[in-house]
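Atoms within each ligand, like the ligands themselves, are counted from 1 in listed order. Source: prediction; values computed, not measured. Here, residue 1 is the first one in the sequence, and each next residue gets the next number.
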Amino acid sequence: MSFRNRLIAFFVVLVILPLIVVAAVGFVLASESEQSKTEGRLLEAQRASSGLFGEFRDRAQAAARVIGQDAQLSAAIRSGKRARIQRRLDTLASDVQARRTTMTLAHAGRFETGRGDVVAPAHTRLIDAEGGGAGTLDVSVISAEDYAALLERVTGTDVAIRGPGGLRTTTLPGAAAERLPERGEVSVGGRTLRVRGFGGPAFGGGRLAVRVLAQAETDGLSNSAIVVLAILLAALIAAFAFALTVSRSLQAQIQRLLDAAKGLAAGDFRVAVPTEGKDEFAALGTQFNEMARQLERRLDELQLERRRLREAIRRVGQSFGRTLERGPLLEIAVQTAVDGVGAHAGRAALRSGSQGRFEEVSGEGDVSRFRGAIDAAEAAALRAGSTVETEVGDVCALSHPLRAQEGGRILGMLSVARAGEKFTQGERELFAYLAGQAGVSIENADLHDTVKRQAVTDELTGLFNHRRFQEVIANEVERTKRGGPGMGLIMLDIDNFKRVNDTYGHMQGDLVLREVARVLRESSREIDEPARYGGEEMAVALPGTDLEGAYLFAERVRRSIEALDLPLIDGDGSLRVTASFGAAALPPNQAKADKEDLVAAADAALYRAKRSGKNRTVRAE
Ligand code: GH3
Ligand code: MG
Ligand code: MG
């Protein structure tokens, strides 16, 4: 059932039911008044008919007196001549306008004038001259038919008159068949009639019943019933029209809401429902419009968030994949996190060792302003091992550990902060994701560093390996060719090393190699590149150093090796070693410099140092 139909049903129940009750009461009242009206009419008719009856009876009495006291009739009776008596009776009846007379004489028998049914008779005794009863006289001045017609005319009701022998007359066809009570209701020819009446003497003895009959109010509709019905109908139409109007206007308002909701569902947020008035629909409309605005704002926010997310993921994918250096990586991580979650500032802190202090490596925005909240969040996140949000004043900070995938080692912390607004669940999740990615990337960078270092490092001594040495020499020679500052090169070979191995074992030999390498490393400057050339031979490239510089450097290293007191692995005591050096150099600005020549020169010098007694440095020629 539609809303409109329900409203109409509601109105109908609310308005029509009471109307029907009122109408029913109206009908009852109207019918009661009809009933009493009919009763009144009948009573009046009954009174009139009995009054007329009495009047005609009085006239009959007067006529009987005239006849009874007539001297000529007395004489005729005394004469005993029947014809004479009859003649005189006829004359008298005509004079008094009697409709019917009957005279019964003790000695002469019965005499009559007129015939037919009559009503309201007078009955008298005839007294003769001697005073004895001579007979009886009955007189009536009106026929039953005339009386009935008169009554119908005067009272407007139907009339039925019944005598001892049956119905005398009636104005109502069909009434003959009915037994008419003195008072009550009868049905005649399918109609219901009310009846009233009275009894009187019948002509010639017995009783006469006079009945007046009127239409009972139960049949058909009375005027008042029609009025009630008309009012009811008018009220019904008015109620229905009102219900229709109200339901139409309500439905129109609901339709507007429905249309707006459909528009909203279709993504049109500019829809607005009219909100004039102060009723609940206006309130609903206001709420609806507010909801649409909220939805639009929320969707905008979502879209912004999605854009930020996409941008962050794009940047993470691009940048984390491209760079393998900690610094730039952390910078990207902080920047992406700040942009991605809409923060105002952020920082990444790293620690060098596994237990070292954190140091800010990269910052974005005004970190100092948010330091309190960031420090608090960082400490809490470090304890919790996961994302933690803290609030200090109106500043909210998010912090998440940067973890290595392998072993879950905490490499550092990534934090962002924002003033005035908490971070949403989505922002926290994005932040945790970014921190996870950053952790993995840093670990990758570290691994990369390690691999790179391993690729150029000699495992035993920690010096650069032969390949790296070749690269360095080649680079420096190239630099010198292009007007660079030149370079020095020393090569060393441990003296009688085979004997160390033979006497103390290979392990001891390795230890000697490591110690000599340490001396070499510690003696070198930052830009020098000490390398293991092969076996127990080592070399150092000395950028920007001339032959004399190289020689002095070699001598310094040689003396340090000579001074080494190396502990023996097995048992007590110690071991001393010496080394021989060859020093060579490439002067600056050598357009024709050659790597092989330089190495060969240093090697030749070393060979000469060996040949001339070991534990010494020989300059190349
Ligand atoms: P010289 O004074 O003429 O240089 O004599 P030397 O014994 O050092 O001569 P040689 O070059 O013949 O011997 C080098 C030895 O170094 C041979 C080899 O067993 C040893 N050696 C090379 N590499 C290693 C290493 O990695 N560990 C150890 N323990 N010994 C090594
Ligand atoms: Mg050797
Ligand atoms: Mg040697």
Practice task
May I ask you to check whether Arg499 has an N/O atom sitting below 3.5 Å from an N/O atom of ligand 1?
Solution key: no

Practice task
Taking the six-membered ring of Tyr551 (Phe, Tyr or Trp), confirm whether the NZ or CZ of Arg619 is under 6.0 Å from its centre and within 45° of its axis.
Solution key: yes

Completion exercise
Candidates Asn501, Val500, Asp495; heavy atom nearest atom 28 (C) of ligand 1 found on Asn501

Exercise for the section: Just go through Arg514, Glu537, Arg532 and tell me whose heavy atom is the nearest to atom 24 (C) of ligand 1. Expected result: Arg532

Completion exercise
Only one of Glu331, Glu364, Glu378 passes salt bridge (charged side-chain N to carboxylate O under 4.0 Å, His left out) with Arg347, and that residue is Glu378

Exercise for the section: Mind checking how many protein N/O/S atoms fall short of 2.8 Å from the Mg ion (ligand 2)? Expected result: 2

Handout entry: Proximity to ligand 1 by part of Asp493, non-hydrogen separation under 4.0 Å
Key = side chain

Handout entry: Closest approach of any protein heavy atom to atom 9 (O) of ligand 1, naming residue and atom
Key = Lys498 CB, 4.6 Å

Practice task
Look at the side chain of Arg371 and the backbone N and O of Val367, then say whether any donor-acceptor pair between them is shorter than 3.5 Å.
Solution key: no

Fill in the blank from the handout: Counting heavy atoms under 4.0 Å, the part of Met507 that contacts ligand 1 is neither

Problem - 4.0 Å protein heavy-atom contact status of atom 26 (O) of ligand 1, strictly under - result: yes

Problem - Structural part of Lys610 in contact with ligand 1, heavy atom criterion under 4.0 angstrom - result: side chain

Handout entry: Gly509 neighbourhood, listing ligand 1 atoms whose heavy-atom distance to it stays under 4.0 Å
Key = 29 (N)

Practice task
For ligand 1, indicate whether the residue Asn496 contacts it via side chain, backbone, both or neither (heavy-atom separation under 4.0 Å).
Solution key: both

Handout entry: Heavy atom of protein closer than 4.0 angstrom to atom 4 (O) of ligand 1
Key = yes

Problem - Nearest non-hydrogen protein atom, atom 14 (C) of ligand 1 - result: Glu536 CD, 3.8 Å

Practice task
Would you mind checking if Asp458 and Arg532 are paired as a salt bridge, meaning a charged N to carboxylate O distance below 4.0 Å?
Solution key: yes

Exercise for the section: Report yes if Leu513 has an N/O atom closer than 3.5 Å to an N/O atom of ligand 1; otherwise report no. Expected result: no

Problem - Verify atom 17 (C) of ligand 1: protein non-hydrogen atom under 4.0 angstrom away - result: no

Problem - Lys422 with Glu391: basic N within carboxylate O range, under 4.0 Å - result: yes

Exercise for the section: Please could you name the atoms of ligand 1 that Ile494 approaches to less than 4.0 Å, counting only its heavy atoms? Expected result: 4 (O), 8 (O)

Practice task
Report yes if Leu460 has an N/O atom closer than 3.5 Å to an N/O atom of ligand 1; otherwise report no.
Solution key: no

Practice task
Tell me whether the guanidinium CZ or amine NZ of Arg418 lies under 6.0 angstrom from the six-membered ring centre of Phe423 and within 45° of its axis.
Solution key: yes

